[in-house]
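Please read the structure below before turning to the comments.
Proteins come first, then strands; the chains are lettered A, B, ... in the order of their sequence lines, and each starts at number 1.
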Amino acid sequence: MYHKTTGYRVFSVFNYAFMILAGLVCFLPLLHLLAQSLSSKAAVSGNLVSFWPVGFNTDAYVKTFSNSNFISSMWTSILRTVLGTSISMFILTCAGYALSKEFRGRNALMWFFIFTMLFSGGLIPSYILVTGLGLKDTIWALVLPGAFGAYNLILLVNFFKTIPKALEEAAFIDGASFFAILSKIYLPLSLPGIATVSLFIMVGHWNSWFDGILYMSDASKYPLASFLQTVVVQSNMQNMAMSQSEVEAMSEQSIKAAQIFVSTLPIIMVYPFLQRYFVKGIVLGAVKE
Amino acid sequence: MKKSWPLYVLCVPAFVFVCIFSYGPMVGLLMAFQDYKPWLGISGSRWIGLDNFERIFRYDEATQAIINTLIIAVSKIIVGIIVPIIMAILLSELRNVGIKKSVQTLVYLPHFLSWVTVAGLMINILGLDGGINQVLTQLFGISPIYFLGDPDLFRYTVVVSDVWKSFGFGMIVYLATIAGINPSYYEAAEIDGATRRQQILYVTLPSMLPMIIVISTLSLGNILDAGFDQVFNLYNPLVYSTGDIIDTYVYRSSLLNGQYGFGTAVGLFKSGISLILIVVSYRLAYKYANYKIF
């Protein structure tokens with residue numbers, strides 16, 4: 001047996017070590033950030049913080065949560081995520097269910113949808129359209145333009161196709177309507193697919209930053225990711241609305257770290273629970289027999 | 001089916017959204033052939049034929065952005081295919097279910113972080129007094145390296161950080177393929193005296209080949225997509241020469257400098273070539289791996 005040879009044992013030891021290392025590498029930067037956010041200014045600027053807080057304090061979090069821009073942008077993000085995910089899932093499950101059936105014009109319709117994945121108007125025409133529709137500076141500019149995603153539609157169609165036809169036929173004979181079949185048979189049975197697509201859309205909305213910067217003329221209307229982009233990447237501490245003395249007393253680095261961490265927390269918390277779904281969802285959506 | 005009208009009704013919302021928000025902007029592509037002025041609109045602006053497209057090749061910055069895009073995108077595609085394959089094979093060799101699951105959970109995580117977050121991490125870690133430079137200085141005595149401000153290093157930073165973010169997620173389909181291999185192949189190979197390495201080479205890899213072909217051919221369509229989110233958040237004027245890509249160039253030249261027509265032309269140029277590449281790659285995937293999108 002191969003796994004009893006010395007060579008394979010040596011390989012195994014190295015492989016375990018390497019894989020654990022790979023896992024840690026994906027996670028340690030966040031831990032470093034968490035440690036920085038909980039450390040004192042002196043420790044952070046002296047580069048003394050690695051993966052454990054030095055001079056523990058929660059000032060950065062107090063400051064973050066007392067910042068009105070941060071709170072309002074967090075609210076905008078929550079609102080857009082809830083609205084956006086509901087609207088997208090409604091559109092996509094309806095169309096996905098229909099397109100998993102055979103009917104006249106089905107292929108033409110499918111290609112009409114898929115073409116949007118292959119070709120687009122691009123940045124400026126989209127910007128002009130959204131502005132022209134009067135959506136600028138409203139939450140709808142963040143929710144409506146991306147509501148339909150062809151990739152997600154494909155995942156759902158492929159998922160719905162895996163549900164046995166016989167179930168539906170039996171329900172038909174019992175007199176169930178299309179809509180009853182969709183809500184009572186298809187939705188419960190395709191939970192992994194629906195959970196996967198919902199997760200993608202939710203994460204997409206939560207993480208989306210460019211549309212906020214594009215369509216919101218005022219930083220106070222930014223979603224969280226756009227707000228973070230200005231603070232963390234552009235280093236625009238003005239948006240933090242801090243007084244000079246506060247800036248001197250606190251480490252900019254700690255505040256940035258705290259904000260990144262807080263904004264990432266919902267994802268870190270939700271995703272382990274959805275993991276088994278999305279792995280299954282992707283595999284079923286992508287790999288076909 | 002006798003009554004298929006409900007199916008049409010179900011497609012209506014999606015149809016409406018696609019018409020407005022996906023096909024709607026395509027009308028705006030006419031701007032690419034105009035000297036577009038926002039206050040005149042598409043109907044009032046002057047038509048200038050292909051001038052905007054010619055400018056793409058007259059402006060050094062634009063040509064450089066196309067070259068940068070190709071280099072960055074191709075490197076990302078190659079590394080982004082090889083690393084997940086290797087990692088998936090190595091991971092599938094772990095026998096301890098607990099460790100395997102934990103490693104999987106950790107390596108999927110970065111995919112779900114936004115590029116803003118990752119850029120924040122990178123700026124923090126890769127800075128002159130950041131973690132990586134600390135380690136390099138203390139262990140090897142190397143003077144600090146400015147990863148995000150050095151034009152020669154910027155592309156490597158982009159490719160490596162992209163792999164860091166995406167390899168775990170890219171592994172998923174390969175892991176599923178490996179899990180689906182019939183165990184009797186391995187048993188047969190073992191009886192014939194194949195070592196574990198030979199089994200990987202002659203059983204695992206060939207079984208993964210169709211999936212590898214599909215993913216590789218389909219990624220051909222991304223050859224002009226170097227990742228706007230990532231580059232926009234990581235780059236700065238110091239590294240425009242090697243790091244400016246088509247999408248960031250469009251943003252700067254059009255929305256920041258008001259050259260709407262020109263920006264649209266660059267975008268259309270990119271979309272046009274991408275469309276051709278995607279159609280070709282889809283055909284190839286169908287021909288060689290019998291892959292269908294739906």
(request) Evaluate the side-chain proximity of A/Pro125 to B/Val27: yes if any heavy-atom separation is below 4.5 Å, no if none is. (result) no
(message) Quick check on the interface: out of B/Val266, B/Ile123, B/Leu106, B/Leu10, who has the most heavy-atom pairs with chain A under 4.5 Å?
(response) B/Leu10
(request) Tell me, for B/Leu277 versus chain A, whether the close heavy atoms (under 4.5 Å) come from the side chain, the backbone, both or neither. (result) neither
(message) Quick check on A/Leu214 against chain B: is it the side chain, the backbone, both or neither that has a heavy atom closer than 4.5 Å?
(response) side chain
(message) Please report the interatomic distance CG(B/Leu121) to NZ(A/Lys256), rounded to the nearest 0.5 Å.
(response) 12.5 Å
(request) Count the heavy-atom pairs under 4.5 Å between each of B/Trp164, B/Tyr251, B/Phe169 and chain A, then report the option with the highest count. (result) B/Trp164
(request) Give a yes or no answer on whether the side chain of A/Asn207 reaches the backbone of B/Phe112 with a donor-acceptor pair at less than 3.5 Å. (result) yes
(request) Go through B/Pro110, B/Pro38, B/Gly130, B/Gly267 and name the one with the most non-hydrogen pairs under 4.5 angstrom from chain A. (result) B/Pro110
(message) At a heavy-atom distance under 4.5 Å, which candidate from B/Thr105, B/Val9, B/Ile20 has the highest pair count against chain A?
(response) B/Thr105
(message) Go through it in stages, so that I can follow the logic: the residues are B/Phe17 and A/Ile87, the test is side chain to side chain contact (heavy atoms under 4.5 Å, CB included), and I'd like the CA-CA distance, side-chain angles, deciding distance and then a yes or no.
(response) CA-CA 11 Å; B/Phe17 266 86; A/Ile87 293 175; 4.2 Å; yes
(request) Below 4.5 Å from any heavy atom of chain B, which atoms of A/Leu92 appear? Answer side chain, backbone, both or neither. (result) neither
(request) Please state whether the side chain, the backbone, both or neither of B/Tyr36 comes within less than 4.5 Å of a heavy atom of chain A. (result) side chain
(request) Give the member of A/Ile260, A/Leu144, A/Ile128 that has the highest number of heavy-atom pairs under 4.5 Å with chain B. (result) A/Leu144
(request) State, without any angle test, whether A/Ser12 and B/Glu93 hold a side-chain donor-acceptor pair at a distance under 3.5 Å. (result) no
(request) Name the member of B/Ile278, B/Val18, B/Val12 that forms the most heavy-atom pairs with chain A at distances under 4.5 Å. (result) B/Val18
(request) Step by step, work out the side chain to side chain contact (heavy atoms under 4.5 Å, CB included) result for A/Ile124 and B/Val250. (result) CA-CA 9 Å; A/Ile124 294 125; B/Val250 168; 3.9 Å; yes
(request) Sort B/Met87 into side chain, backbone, both or neither according to what part of it lies under 4.5 angstrom from a heavy atom of chain A. (result) both
(request) Pick whichever of A/Phe148, A/Phe103, A/Trp209 has the most heavy-atom pairs under 4.5 Å with chain B. (result) A/Trp209
(request) Please state whether the side chain, the backbone, both or neither of A/Gln229 comes within less than 4.5 Å of a heavy atom of chain B. (result) both
(message) Between B/Phe15 and A/Ile91, does the side chain to side chain contact (heavy atoms under 4.5 Å, CB included) criterion hold? Intermediate values first, please.
(response) CA-CA 9 Å; B/Phe15 189 80; A/Ile91 299 173; over 6 Å; no
(message) Only pairs of heavy atoms separated by less than 4.5 Å count here; which of B/Pro13, B/Ser271, B/Ser22, B/Gly28 has the most with chain A?
(response) B/Ser271
(message) If I measure from the heavy atoms of chain A, does B/Asp247 come under 4.5 Å with its side chain, its backbone, both, or neither?
(response) neither
(request) Report yes if the distance between the aromatic ring centroids of A/Tyr127 and B/Tyr260 is under 6.0 Å, otherwise no. (result) no
(message) If you compare all heavy atoms of B/Cys19 against all heavy atoms of A/Phe112, which two are closest, and at what distance to 0.1 Å?
(response) SG-CZ, 3.9 Å
(request) Working to the nearest 0.5 Å, report the span between CZ of B/Arg196 and OG1 of A/Thr5. (result) 10.5 Å
(message) Any heavy-atom pair between the side chains of A/Val233 and B/Phe232 that's under 4.5 Å?
(response) no
(message) Measuring only between side-chain heavy atoms, which start at C-beta, is B/Asn124 closer than 4.5 Å to A/His32?
(response) yes
(request) Quick one: pull up CG in B/Leu7 and CD in A/Glu102 and give me the separation to the nearest 0.5 Å. (result) 10.5 Å
(message) Do A/Phe119 and B/Met26 make a side-chain contact, defined as non-hydrogen atoms from C-beta onward lying under 4.5 Å apart?
(response) yes
(request) Would you mind checking which part of A/Phe210 comes under 4.5 Å of any heavy atom in chain B, side chain (CB onward), backbone (N, CA, C, O), both or neither? (result) side chain
(request) Examine whether an atom of A/Val203 lies under 4.5 Å from a heavy atom of chain B, and if so say whether it belongs to the side chain, the backbone or both; otherwise answer neither. (result) side chain
(request) Let me know if A/Phe90 has heavy atoms under 4.5 Å from chain B in its side chain, its backbone, both or neither. (result) side chain
(request) Compare every heavy atom of B/Leu29 with every heavy atom of A/Ser120, then report the nearest pair and how far apart it is. (result) O-CD1, 4.3 Å
(request) Could you look at A/Leu123 and say if it's the side chain, the backbone, both or neither that has a heavy atom under 4.5 Å from chain B? (result) side chain
(request) Hey, could you give me the CH2/CG distance between A/Trp206 and B/Leu113, rounded to the nearest 0.5 Å? (result) 13.5 Å
(request) List the steps, then state whether side chain to side chain contact (heavy atoms under 4.5 Å, CB included) holds for B/Ser274 with A/Leu118. (result) CA-CA 7 Å; B/Ser274 295; A/Leu118 314 180; over 6 Å; no
(request) Under 4.5 Å heavy-atom distance to chain A, tell me which part of B/Leu255 shows up: side chain, backbone, both or neither. (result) side chain
(request) Select one option (side chain, backbone, both, neither) describing which atoms of B/Ala119 are under 4.5 Å from chain A's heavy atoms. (result) side chain
(request) Under 4.5 Å heavy-atom distance to chain A, tell me which part of B/Ile99 shows up: side chain, backbone, both or neither. (result) side chain
(message) Counting only non-hydrogen atoms closer than 4.5 Å, does B/Leu275 touch chain A with its backbone (N, CA, C, O), its side chain (CB onward), both, or neither?
(response) both
(request) Please collect all side-chain hydrogen bond (donor to acceptor under 3.5 Å, both in side chains) contacts where either partner lies in residues 261-273 of chain A, sequence neighbours excluded, each pair once. (result) none
Which pairs would a plain distance check flag for residues 14-31 of chain A, meaning a side-chain donor or acceptor within less than 3.5 Å of a matching protein atom at least two apart in sequence or in another chain?
{"residue": "A/Asn15", "atom": "ND2", "partner": "B/Leu90", "partner atom": "O", "Å": "2.9"}
{"residue": "A/Tyr16", "atom": "OH", "partner": "B/Arg95", "partner atom": "N", "Å": "2.9"}
{"residue": "A/Tyr16", "atom": "OH", "partner": "B/Asn96", "partner atom": "N", "Å": "2.7"}

